[in-house]
Amino acid sequence: MQTKIDTILVLDFGGQYCHLISRRIRERNVYSEIVPHNSSLEEIKALKEKFNVKGLILSGGPASVYGQSAPKLDYRILEDDMPILGLCYGHQILAQAVKGKVEPAACKEYGITYATIDKPVGILEGLSEKEKVWMSHGDTVCSLPDTFEILAHTDNCPVAAFRHKDKLIYGLQWHPEVIHTENGAHMFNNFIFNVCKCEANWQMEDIVEKMVQELKNEVDNDKAIIGLSGGIDSSVATALAAIALNEKLTAVYVDHGFMREGETEAIQETFSKFKINFIVVQAKERFIKKLESVTEPECKRKMIGEEFIRVFEEEALKTGAQYLIQGTIYPDVIESGSSKNSANIKSHHNVGGLPEKIKFKKILEPLRDLYKDEVRKIAKMLDLPNELVNRQPFPGPGLAVRIIGLLTEEKIRAVKRSDKIVREEIKEAGLAENLWQYFTVVTDTKATGVKGDARAYGYVVAIRAVESREAMTASFAKIPYDVLEKISTRITNEVPEVTHVVYDITHKPPATIEWE
Ligand code: XMP
């Protein structure tokens, strides 16, 4: 008989970082599943048949516990003996459940804050007196009944961390899952291994097998096509689908005209080595025509998403495919607002950008629950070539979302050339390995310059270079000034459309990585 694996369930209250909690657990080799916030005690007990449920985490969420449609918790869960950790909204709903006082914060806290650890015990064991934590909340817990003790506070939040005196119930107002919380990993280790007593007995390989089997079962004797952009996600999805479907699979690469310089050739070169049906569709003209007069970013994304599907449908007719496979990953889903209770940040071309009517039996997304670095791990397991495993992520809509305003020939030229310069200089300086992404954005602003003693009036181009682990959060990279200087000099010298180069020094959040 197969032994049950230790599991932590995450109750989804709609927070942007709900899945990040789950993956923080999985990256410690402990399995985690996300379940709806209103799962009943009976439903959770039923899951114990399948998993060795060792603890629950209540995620954050955008609501106020006093809001009319505030997501609720089955309070009977607190009577069970399972360890529970509430984060942000989860912290507040726990406080509300035990008749503590939750009020709108006098001063809302967004971003990095320093918490004073009053009692470094339990989940906070081993932490210093002052901890750098990341918060984003409007309500705050002001007091709790005597059965609880306060473990930490901040200037604006009297109960920033608490625990029950006898039961294993904890609350944190901050987000340990976000990398800006300096010792978030330590807090997770404390909860997972010391409080919940989990064993690290789960591995990524288990997921690969499951995904291949699911694709096999779903497609059965039919055929499928897969949208292949050459980025890591769609490439891994292609490799998985190839294992599951062999010759029943056709990979379609759409050149929409917003690809980086040399991209189409590089992808052709890489995939000619794969044993799959591989089609390149030249679709520049139809995409550029469609986007001719579009300036609004969400509209751009949706039009690109729709046009992609139309191209895939045409190719499916030719091959007789009934299924479309996509390399959608979790951040695409969450940012497109597709999780219950979560807000739409931007419509990723393959999720929120999809048209309502689609001529496919079904869209299959084997990587939908994963983050980029988990996808890279799978890529390594599948022995994909290094140049693929280490590729920078590239958005489906391509350079179209790196040109603000109208997509003119002039701006397309400027973004392609400046992007190439940034790639070359970052590589030359040996910085590529530590950066998540590095590229340029052509803004819709023109500014005066002087080139060769004459007045010049050109575009302002922004350099964006970020460090990240999974793209849900990112920090702007502290690129050495001499590298920035070289990039800026080359761009203004080699790209005639540009007069000014600026460096984007915003983290995500509050910014996003791409500008549109
Ligand atoms: P943002 O800009 O939301 O980007 O911080 C997070 C990551 O996702 C990539 N991205 C996309 N990938 N289709 C994709 O396949 C899209 O529509 C899309 N938009 C953004 C982005 O490059 C970054 O790595």
Review point. Should Lys48 and Thr7 be marked as a side chain to side chain contact (heavy atoms under 4.5 Å, CB included) after you check the CA-CA gap, both sets of side-chain angles, and the distance that decides it?
Key: CA-CA 9 Å; Lys48 287 185 177 175; Thr7 300; over 6 Å; no

**Study point:** Lys377 and Glu205: CA distance, side-chain angles, deciding distance, salt bridge (Lys or Arg N to Asp or Glu O under 4.0 Å) verdict
**Key:** CA-CA 10 Å; Lys377 270 189 202 152; Glu205 277 85 350; over 6 Å; no

Exercise for review: Please assess Leu47 against Val35 for the test side chain to side chain contact (heavy atoms under 4.5 Å, CB included), listing each intermediate value before the final yes or no.
Suggested key: CA-CA 10 Å; Leu47 282 169; Val35 295; 3.8 Å; yes

Exercise for review: Apply salt bridge (Lys or Arg N to Asp or Glu O under 4.0 Å) to the pair Arg23 and Asp373, showing each step before the final yes or no.
Suggested key: CA-CA 10 Å; Arg23 64 145 297 169; Asp373 58 340; 2.3 Å; yes

Exercise for review: Could you please spell out the steps behind the side chain to side chain contact (heavy atoms under 4.5 Å, CB included) verdict for Leu172 and Ile123?
Suggested key: CA-CA 9 Å; Leu172 296 180; Ile123 183 168; 4.0 Å; yes

Practice item. Show the numbers, then the answer: is there a side-chain hydrogen bond (donor to acceptor under 3.5 Å, both in side chains) between Asn277 and Glu247? Key: CA-CA 7 Å; Asn277 306 313; Glu247 71 286 350; over 6 Å; no

Practice item. Evaluate the salt bridge (Lys or Arg N to Asp or Glu O under 4.0 Å) criterion for residues Glu374 and Arg26: first the C-alpha distance (whole Å), next the side-chain angles of each, then the deciding distance (0.1 Å), finally the verdict. Key: CA-CA 10 Å; Glu374 292 178 311; Arg26 292 203 305 243; 3.2 Å; yes

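In this structure, Ser475 has no side-chain hydrogen bond (donor to acceptor under 3.5 Å, both in side chains) partners at least two apart in sequence or on a different chain. Scored by the side-chain contact (heavy atoms from CB on, under 4.5 Å) test, Ala115 finds Val133, Thr154, Trp174 as partners (sequence neighbours excluded). In this view, Asp220 satisfies the salt bridge (Lys or Arg N to Asp or Glu O under 4.0 Å) rule with no residue, not counting sequence neighbours. Applying the salt bridge (Lys or Arg N to Asp or Glu O under 4.0 Å) test to Lys362 and every residue at least two apart in sequence or in another chain returns Glu218. Taking the side-chain contact (heavy atoms from CB on, under 4.5 Å) definition, one finds that Gln392 meets it with Arg260, Arg423, Gln437, Tyr438, sequence neighbours left out. Not counting sequence neighbours, the partners of Glu149 by the side-chain hydrogen bond (donor to acceptor under 3.5 Å, both in side chains) test are Lys119, Arg163. Under the side-chain contact (heavy atoms from CB on, under 4.5 Å) criterion, Val195 pairs with Pro83, Leu168, Tyr170, Phe191, sequence neighbours left out. Legend: residues meeting side-chain contact (heavy atoms from CB on, under 4.5 Å) with Asn189, ordered by chain and number and at least two apart, are Arg28, Phe193. Take Lys167 and apply the side-chain hydrogen bond (donor to acceptor under 3.5 Å, both in side chains) test, not counting sequence neighbours, and it matches no residue. Every residue meeting the salt bridge (Lys or Arg N to Asp or Glu O under 4.0 Å) condition with Lys372, not counting sequence neighbours, appears here in chain and number order: Asp233. Here Asp155 pairs with nothing under the salt bridge (Lys or Arg N to Asp or Glu O under 4.0 Å) rule; sequence neighbours left out.
Under 4.0 Å is where a charged nitrogen must lie from a carboxylate oxygen, and between Asp332 and Arg368 no such pair does. Ion pair Lys478/Glu467 not flagged as a salt bridge, since none of the NZ, NE, NH1 or NH2 atoms sits closer than 4.0 Å to an Asp/Glu carboxylate oxygen. Under a 4.0 Å N-O distance rule, the pair Arg469/Glu27 qualifies as a salt bridge.
The backbone N or O of Glu125 sits less than 3.5 Å from a side-chain atom of Asn190, completing a donor-acceptor pair. Between the side chain of Thr238 and the main chain of Ser234, a donor-acceptor pair closer than 3.5 Å is present. Put simply, the side chain of Lys508 gets close to the backbone of Ala471: a donor and an acceptor are under 3.5 Å apart. In this structure, Ser40 contributes its side chain and Glu43 its backbone to a donor-acceptor pair below 3.5 Å. For the pair Gln203 (side chain) and Asn29 (backbone), a donor-acceptor distance under 3.5 Å is absent. Of the possible polar contacts, one joining the Glu131 side chain to the Ser128 backbone as a donor-acceptor pair under 3.5 Å is found. In this structure, the side chain of Ser59 engages the main chain of Phe13 through a donor-acceptor pair within 3.5 Å. Remark: side-chain polar atoms of Ser347 are not paired, donor with acceptor, to backbone N or O of Arg301 under 3.5 angstrom. Side chain of Glu514 to main chain of Glu516: no donor-acceptor pair is present (N/O by atom type, distance under 3.5 Å, no hydrogens or angles). One N or O on the side chain of Asp74 and one on the backbone of Leu41 form a donor-acceptor pair closer than 3.5 Å.
When each of Ile463, Leu399, Ile513 is checked for a side-chain contact (heavy atoms from CB on, under 4.5 Å) with Phe439, only Ile513 meets the rule. Residue Gln92 is tested with Thr140, Val141, Val159 for a side-chain contact (heavy atoms from CB on, under 4.5 Å); the sole match is Val141.
Under the 6.0 Å cut-off for aromatic ring centres, His19 and Tyr371 do not qualify, their centroids lying 6.0 Å or more apart. Residues His175 and His180 keep their aromatic ring centres 6.0 Å or farther apart.
In this structure, Phe312 and Ile225 have side chains that are in contact, with non-hydrogen atoms separated by less than 4.5 Å. Proximity of Leu364 to Ile226: side-chain heavy atoms (C-beta onward) are nowhere separated by under 4.5 Å. Side-chain contact between Gln326 and Ile363 is present, with at least one heavy-atom pair separated by less than 4.5 Å.
Relative to the ring axis of Trp436, Arg464 does not place its NZ or CZ within 45° and under 6.0 Å from the centre.
Atom CD of Glu387 sits in a crowded spot, with more than 12 heavy atoms from other residues, nucleotides or ligands closer than 6.0 Å. Around the CD atom of Glu199, the shell of radius 6.0 Å holds no more than 12 heavy atoms that belong to other residues, nucleotides or ligands.
Across all non-hydrogen atoms, the minimal contact from Met472 to Tyr17 is O-CE2, 4.0 Å. Of all heavy-atom pairs between Ala465 and Leu435, the closest is CB-CD1, 4.5 Å.
Once rounded to the nearest 0.5 Å, the distance linking SG of Cys157 with CD of Gln173 reads 5.0 Å. In this structure, the separation between CG on Asp6 and CD1 on Ile25 is 12.0 Å, given to the nearest 0.5 Å. Rounded to the nearest 0.5 angstrom, Asn386 CG and Arg391 CZ are separated by 13.0 Å.
Pairs of residues two or more places apart, or lying in two chains, that qualify as ring-ring contact (aromatic ring centres under 6.0 Å, His included) and include a residue from residues 197-249 are Tyr31-Trp202.
A donor atom on one side chain and an acceptor atom on the other are found under 3.5 Å apart for Ser64 and Asp139. A side-chain donor-acceptor contact under 3.5 Å links Lys130 and Thr116.
Relative ring orientation between Phe278 and Tyr253 is described as tilted, the plane-to-plane angle lying within the 30° to 60° band.
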